[in-house]
Q: 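This is the structure I have questions about; it appears just below.
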Amino acid sequence: MTLFIVEDDFELRKELISFLENCSYDCKTSNDFTNIVKDALEAEPDLILLDINLPYFDGYHICREIRKVSDVPIIIVTSRNTDMDELMSMNLGADDFVTKPYNTQILLARINAILKRAEKVGDVSDLKYNGLTVYTTKSMAAFGDKSVDLTKNELRILSVFIKNQGMIVSRNDLMDELWQSDEFVDDNTLTVNVNRLRKKLEQIGAVNFIQTRRGQGYIL
């Protein structure tokens, strides 16, 4: 699989690419940060590793522009480690957030988990629930005459809910389903993804579909 690395620290990028290529990934990158969005999309990667502090455009801008046209998984890898940075990254559509300095084995585990999840999403058939249709191959949800695009995280979460409709899905079970192991994702990341999915469903008229059961999880 192909990874696109957006990192302006030459030595760090070189070490990271060497490590990932030794793990059998094909890595691509670019030194032209004025056209980094175009270069990243043209590389057609399976996943993007994206720093925030960059020349010309920061990672937030790049993530936002990529999300306008692509659902490719994005992991933010940055030295900026505040809760606001993480929340902003997730709200812009990033799939995960890793702070520097990072353990390369943990970063690798997160990359592997997201790519496995992406493969699973592609295998799921279209799903329906109470007038809501989830088109998994298009990563889109429709209700009545309105539709909305979903990120891979949102698609996977909604698919799990529909498959378990009428039953409470615990937060631990949901994290395990999404990330293979909750060791590599925090509770706040899940909350951000579920809240973002709720808002998208409300935009198309599917109001109050996802209900919270305090201390237990979520239910459709």
Side-chain angles (χ1 to χ4, degrees), residues 1-7 16-29 40-41 43-51 63 66-67 69-78 86 89-100 102-127 134-141 149-164 167 169-194 196-197 200 217-218:
M1 287 187 167
T2 300
L3 308 180
F4 192 89
I5 316 296
V6 183
E7 169 63 65
L16 180 58
I17 289 176
S18 177
F19 169 73
L20 292 171
E21 287 182 341
N22 285 335
C23 296
S24 300
Y25 284 109
D26 177 27
C27 295
K28 296 182 179 180
T29 189
L41 293 172
E44 298 185 345
D46 297 287
L47 183 144
I48 295 174
L49 294 176
L50 175 62
D51 192 10
C63 185
I66 290 174
R67 276 291 168 262
V69 295
S70 174
D71 204 29
V72 59
I74 298 174
I75 298 179
I76 300 292
V77 184
T78 179
E86 183 170 2
S89 298
M90 294 302 174
N91 284 326
L92 289 174
D95 295 83
D96 206 346
F97 185 93
V98 178
T99 57
K100 301 175 184 175
Y102 49 79
N103 181 300
T104 53
Q105 293 299 327
I106 291 180
L107 176 62
L108 179 64
R110 293 193 179 202
I111 291 171
N112 290 339
I114 288 176
L115 289 174
K116 286 179 182 177
R117 185 168 78 248
E119 288 179 354
K120 284 186 177 181
V121 168
D123 294 336
V124 180
S125 301
D126 291 347
L127 302 169
V134 180
Y135 299 99
T136 56
T137 57
K138 298 179 180 178
S139 197
M140 180 179 73
D149 292 330
L150 304 173
T151 66
K152 284 186 172 65
N153 275 2
E154 294 161 354
L155 176 61
R156 189 61 183 162
I157 289 170
L158 188 53
S159 297
V160 172
F161 286 155
I162 292 178
K163 288 180 179 179
N164 293 277
M167 297 184 292
V169 179
S170 74
R171 294 177 65 86
N172 285 339
D173 287 346
L174 192 55
M175 285 192 289
D176 187 59
E177 177 71 21
L178 289 172
W179 285 271
Q180 316 304 315
S181 169
D182 59 7
E183 179 182 356
F184 300 119
V185 62
D186 62 29
D187 197 60
N188 188 59
T189 302
L190 178 63
T191 299
V192 170
N193 278 272
V194 172
R196 191 170 57 198
L197 174 59
K200 286 192 174 183
Y218 303 96

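Since this is a predicted model, take the numbers as computed values, not measurements.
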Q: Please round to the nearest 0.5 Å and tell me the distance separating atom CG of L190 and atom CZ of R171.
A: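 Taking CG in L190 and CZ in R171, the distance rounds to 4.5 Å.
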Q: Give me the atom names and distance for the closest heavy-atom approach of E154 to L197.
A: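 Smallest interatomic distance, heavy atoms only, reads O-CD2, 3.9 Å.
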Q: Side chains of K100 and D51, heavy atoms from C-beta outward: is any pair under 4.5 Å?
A: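 Yes, their side chains come closer than 4.5 Å.
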Q: In chain order, what residues pass the ring-ring contact (aromatic ring centres under 6.0 Å, His included) check against Y25, with sequence neighbours excluded?
A: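 So Y25 forms no ring-ring contact (aromatic ring centres under 6.0 Å, His included) with any residue.
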Q: Side chains of I74 and L92: closer than 4.5 Å at any heavy-atom pair?
A: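 Not in contact.
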Q: Find out whether V160 and K163 are in side-chain contact, i.e. whether some heavy atom of one side chain is under 4.5 Å from a heavy atom of the other.
A: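 Counting from C-beta outward, V160 and K163 never come under 4.5 Å.
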Q: May I ask you to decide if M140's main-chain N or O and D149's side chain share a donor-acceptor pair within less than 3.5 Å?
A: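 No; judged by distance alone, with no hydrogens or angles, the pair does not exist.
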Q: Would you name the heavy atoms of V194 and Y218 that are closest together and state the gap between them?
A: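 Minimum heavy-atom contact is CG1-CE2, 3.7 Å.
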Q: Working to the nearest 0.5 angstrom, can you tell me the gap between D95 CG and N153 CG?
A: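 Between atom CG of D95 and atom CG of N153 there are 4.5 Å.
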Q: Mind checking what makes salt bridge (charged side-chain N to carboxylate O under 4.0 Å, His left out) contact with D46, not counting sequence neighbours?
A: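 D46 satisfies salt bridge (charged side-chain N to carboxylate O under 4.0 Å, His left out) with no residue once adjacent residues are dropped.
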Q: Is the shortest heavy-atom distance from the side chain of L16 to the side chain of Y102 under 4.5 Å?
A: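 Yes. Closest side-chain heavy atoms under 4.5 Å.
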Q: Could you check whether any side-chain N or O of R67 sits under 3.5 Å from a backbone N or O of V72, counting only pairs where one atom can act as donor and the other as acceptor?
A: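 It does hold such a pair.
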Q: Do E7 and V77 have side chains that get closer than 4.5 Å, going by heavy atoms?
A: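 Side chain of E7 against side chain of V77, heavy atoms only: no contact under 4.5 Å found.
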Q: Can you sort out the partners of N22 under side chain to side chain contact (heavy atoms under 4.5 Å, CB included), two or more places apart, ordered by chain and number?
A: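 Side chain to side chain contact (heavy atoms under 4.5 Å, CB included) check on N22 returns S18.
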Q: Return the CG to CD1 distance between L47 and I114, rounded to the nearest 0.5 Å.
A: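 Going from CG on L47 over to CD1 on I114, the span is 6.0 Å.
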Q: Could you work out, with side chain to side chain donor-acceptor pair (under 3.5 Å) as the rule, every residue matching D173, not counting sequence neighbours?
A: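 So D173 forms a side chain to side chain donor-acceptor pair (under 3.5 Å) with S170.
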Q: Work out which heavy atom in A40 is nearest to a heavy atom in P45; give both atom names and the distance.
A: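 For A40 versus P45, the nearest heavy atoms are O-CD, 3.1 Å.
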Q: Under the side chain to side chain contact (heavy atoms under 4.5 Å, CB included) test, which residues partner D26, sequence neighbours left out?
A: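 Side chain to side chain contact (heavy atoms under 4.5 Å, CB included) check on D26 returns T2, K28.
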Q: Provide the closest heavy-atom pair for G93 versus C63 in the form atom of the first, atom of the second, distance.
A: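 Looking at all heavy atoms of both residues, the shortest contact is C-SG, 4.4 Å.
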Q: Between S139 and T151, what is the shortest heavy-atom contact and its length?
A: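 Of all heavy-atom pairs spanning S139 and T151, the closest is OG-O, 4.0 Å.
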Q: Do F4 and E44 come close enough that some side-chain heavy atom pair is under 4.5 Å?
A: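 No, their side chains stay 4.5 Å or more apart.
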Q: Go through the structure and list residues passing side chain to side chain donor-acceptor pair (under 3.5 Å) with T99, not counting sequence neighbours.
A: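 Per chain and number, T99 pairs via side chain to side chain donor-acceptor pair (under 3.5 Å) with no residue.
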Q: Measuring from C23:SG to N112:CG, what's the distance to the nearest 0.5 Å?
A: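 Here the interatomic distance stands at 8.0 Å.
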Q: More than 12 non-hydrogen atoms from neighbouring residues, nucleotides or ligands closer than 6.0 Å to CZ on F19, yes or no?
A: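 Yes.
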Q: Rounded to the nearest 0.5 Å, what separates atom CG in L150 from atom CZ in R156?
A: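 That separation rounds to 13.5 Å.
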Q: Calculate, to the nearest 0.5 Å, the distance between atoms CD1 and CG belonging to I157 and N193 respectively.
A: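 Between I157 CD1 and N193 CG, I get 4.5 Å after rounding to 0.5 Å.
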Q: For residues L155 and S159, report the shortest heavy-atom separation together with the two atoms involved.
A: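 That would be O-OG, 2.8 Å.
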